[in-house]
Amino acid sequence: YELSFELPGIDEQDIDVQLQNKTLTVTAERKDVRDDTDNKRWHRMEHRYGQYTRAITLPDNATDEGIDAVYKAGVLTVTVPKRTEAQPAKITVRTT
């Protein structure tokens, strides 16, 4: 499974990805870039800041092992491998 999250303007260290009880949770925080020490007056701020959280329940055949998260150009891509399904066993019929 491949999940994609658009998180533009967020630093990599401000992104947290966790998996617990088949629920994948992505939490990210965009910090306020305004600095009070430079004595600027802000009339309008178009960028939103604050915390973002998204929780997704994964299917039963998703495995906890081998999960990969890559953050590139403002997009977080989380890859969750599927568990290999048990193949039916072939039973040979003998004659007596």
Side-chain angles (χ1 to χ4, degrees):
Y1 298 101
E2 187 171 282
L3 302 115
S4 182
F5 304 89
E6 291 183 5
L7 303 170
I10 297 178
D11 292 330
E12 180 181 339
Q13 63 268 14
D14 294 330
I15 300 172
D16 182 44
V17 180
Q18 294 185 9
L19 179 66
Q20 183 177 10
N21 299 328
K22 294 290 184 192
T23 301
L24 180 79
T25 305
V26 175
T27 304
E29 183 177 5
R30 180 177 296 138
K31 297 186 174 132
D32 189 359
V33 295
R34 296 177 287 187
D35 188 6
D36 293 335
T37 60
D38 57 10
N39 294 324
K40 288 183 182 177
R41 273 186 62 181
W42 292 84
H43 294 283
R44 185 178 186 122
M45 182 75 167
E46 291 288 332
H47 299 283
R48 302 207 186 279
Y49 57 91
Q51 191 173 31
Y52 163 92
T53 300
R54 179 82 170 146
I56 297 173
T57 303
L58 298 175
D60 289 335
N61 67 344
T63 182
D64 298 356
E65 298 174 12
I67 297 175
D68 187 36
V70 177
Y71 184 61
K72 181 178 179 183
V75 178
L76 174 68
T77 303
V78 180
T79 306
V80 180
K82 292 180 182 179
R83 184 180 11 231
T84 55
E85 297 294 324
Q87 299 296 325
K90 176 73 174 163
I91 299 171
T92 306
V93 177
R94 300 179 310 149
T95 58
T96 56

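These numbers were taken from a predicted model, which means no experiment stands behind them. By convention here, the first residue in the shown sequence is residue 1.
Not a single side chain to side chain contact (heavy atoms under 4.5 Å, CB included) links P88 to another residue, sequence neighbours left out. Under the side-chain hydrogen bond (donor to acceptor under 3.5 Å, both in side chains) criterion, Y1 pairs with N61, not counting sequence neighbours. Under the rule for a side chain to side chain contact (heavy atoms under 4.5 Å, CB included), T84 has no partner lying at least two apart in sequence or in another chain. For E2, the side chain to side chain contact (heavy atoms under 4.5 Å, CB included) partners at least two apart in sequence or on another chain are T77, T79. With sequence neighbours excluded, the residues forming a side chain to side chain contact (heavy atoms under 4.5 Å, CB included) with Q51 are T27, T53, listed by chain and number.
The list of salt bridge (Lys or Arg N to Asp or Glu O under 4.0 Å) pairs with a residue in residues 50-71, not counting sequence neighbours, is empty. Residue pairs meeting the salt bridge (Lys or Arg N to Asp or Glu O under 4.0 Å) criterion with at least one member in residues 12-23, sequence neighbours excluded, are D14-K31. Note on residues 72-84: no pairs pass salt bridge (Lys or Arg N to Asp or Glu O under 4.0 Å), not counting sequence neighbours.
The line from CD1 of I56 to OG1 of T23 is 10.0 Å long, rounded to the nearest 0.5 Å.
Between L19 and L58 there is a side-chain heavy-atom pair separated by less than 4.5 Å. Residues L76 and V17 are in side-chain contact: their nearest non-hydrogen atoms beyond the backbone lie under 4.5 Å apart.
For the residue pair I10 and I15, the shortest heavy atom distance occurs at CG2-CG1, 3.8 Å.
Environment of CD in Q13: crowded, with over 12 heavy atoms of neighbouring residues, nucleotides or ligands closer than 6.0 Å.
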